[in-house]
Amino acid sequence: MQTRALDIIRGNWRNGFTIPTSKLYPFQWLWDSGFVAMGNGIYNLPQAIEEIDKMFSGQWANGMVPHILFHSEKESTYFPNFDFWNSNVNPGAPLFPKSSGITQPPVFGFVLKALLENHPDDESLKEFTKKIFPKIKAFHKFLYTYRDHNREGLFHIFHPWESGRDNSPIWDNSLDRIVIDKKRLPEYTRRDTNLADASERPTTDQYNRYVYLLELGKKYRYDGKEIAKESPFLIQDSMMNAILIKSNDSLIEIASDLKLDAGQIKEWQQLSKSNYDQKFWNEDLGLYVGYDLRNDKQMLHREIGGIAPLFAQIPDQEKASRINDYLKSIAERGYYLCPSYDVDSPNFDSKRYWRGPIWPQMNWMIYKGLLHYNFADTADIVKNDLITLIHKLGFYEYFEAQKELVETLQKGYGGNNFSWTASSYIHLNSIT
Ligand code: GLC
């Protein structure tokens, strides 16, 4: 199976980067690339270096790394394509590669650290680290500068796609605030529902709202400060900020090993860490939650982004224990770990994308987090559940969460031969 996983990544390799899966996602995606570089890099370090380098070839002058790079302008199976984004309305967006106008979770700090841990003596990696370090730092600086107006050390997003958890129920309330006037929305044709089962994908109503927010971004040249004034969707996401903290920690450690300058990162990190718990922890739920800046309230949901802070070692042992108990209780009730949304909510949908199913890269992060707190038993469940699902259903994009239902299925959900599924599998099977 390890060979099969490497073959999948090889098959998805294009000219210098890995697509998530053919047809459905035929370009380079930010956090997919990071996770792929990490697993693939165990065996193919030069490719992993090339992959990260390629991602940063699309970095904007303001430091933003876009969530999609359209290296090939010929592919037509994806909407919204580069012409719809028209990101060159921002003068700092490179003319080539074309890109989207939003970002995704800042994973590259911890990805780079994982590569260095696997190849501690590799000179080419050390050289690359010196080259890429300032670019990753510039990406973090973008988040602290353009997405953190209250200077809390916690950045915001203005589009659900930035979170990587596109149609999670946590965004519903904010999206419902958007009033769609069909006459003012540009005409568009979705491509995803030709390639994947519509019942597994976001709905048309949601898509209209995604397009609305994209248009809002375009109107302000994708400049975070202007968008923040108008956007009905303005959220500090617990998972993305945890990932930023994890990547900051990694950069600080890398800097101390390789004698690089981490000065500013340490300041940002201090601010982020001092505000994270107070802003995102919810004592009643016993989990972390997101924060809605439009109505100044925590968003009260149990979802995977409230568990991810374990990965960044943010909770103290007591809070981590509560999260661990929550996970154990779900496992005992007939679900694979870790469902992406609250299994007890009427909005839980074990099939529809981020509204319930299991996502491979999330299991990888949570597995690492649980190990840190010495919850080895739950960590094993998280790891073995993913491996079981892959063995049973294939290297799919995401998986059914209900054990009983899995027994009736022949395959996973979404795209097949999926790169981050293969990479998470490689990583989970290679190291602890
Ligand atoms: C979907 C996922 C997102 C991922 C992308 C490419 O949009 O929600 O997290 O990066 O597909 O795989």
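Ligands are counted one by one from 1 in listed order, and the atoms in each one are counted from 1 as well. For the numbers below, each heavy atom of this structure counts, side chains included, while hydrogens, waters and symmetry mates do not.
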* Quick one: look up the protein heavy atom nearest atom 4 (C) of ligand 1 and list residue, atom name and how far away it is. =>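 Protein heavy atom at minimum distance: Asp32 OD1, 3.5 Å.
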* Could you find the nearest protein heavy atom to atom 7 (O) of ligand 1 and give me its residue, atom name and distance? =>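 So the nearest neighbour among protein heavy atoms is Asp166 OD2, 2.7 Å.
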* Proximal atoms of ligand 1 relative to Trp354 (non-hydrogen, under 4.0 Å) ->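 Matching atoms, with element in brackets: 2 (C), 8 (O).
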* With a cut-off of 4.0 Å, which atoms of ligand 1 are near a heavy atom of Phe418? ->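 The atoms of ligand 1 under 4.0 Å from a heavy atom of Phe418 are 12 (O).
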Check for me whether the distance between the ring centres of [X] and [Y] falls short of 6.0 Å.
X	Y	value
Phe108	His140	no
Trp359	Phe35	no
Tyr425	Trp364	no

Establish, for the pair [X] and [Y], whether the NZ or CZ atom is under 6.0 angstrom from the six-membered ring centre and no further than 45 degrees off its axis.
X	Y	result
Arg147	Phe142	no
Lys225	Tyr220	no
Lys279	Tyr291	yes

* **Gly164 N/O under 3.5 Å from ligand 1 N/O** =>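 Yes; the residue has a nitrogen or oxygen that sits under 3.5 Å from a nitrogen or oxygen of the ligand.
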* Per atom 1 (C) of ligand 1, closest listed option by heavy atom (Trp29, Tyr353, Trp31) ->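 Result: the heavy atom closest to atom 1 (C) of ligand 1 is in Tyr353.
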* Asked: Just heavy atoms, cut-off under 4.0 Å: does Gln104 contact ligand 1 by side chain, backbone, both, or neither?
  ->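 Only the side chain of Gln104 comes within reach of ligand 1.
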* Residue part near ligand 1, for Trp161, under 4.0 Å between non-hydrogen atoms ->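 Answer for Trp161: neither.
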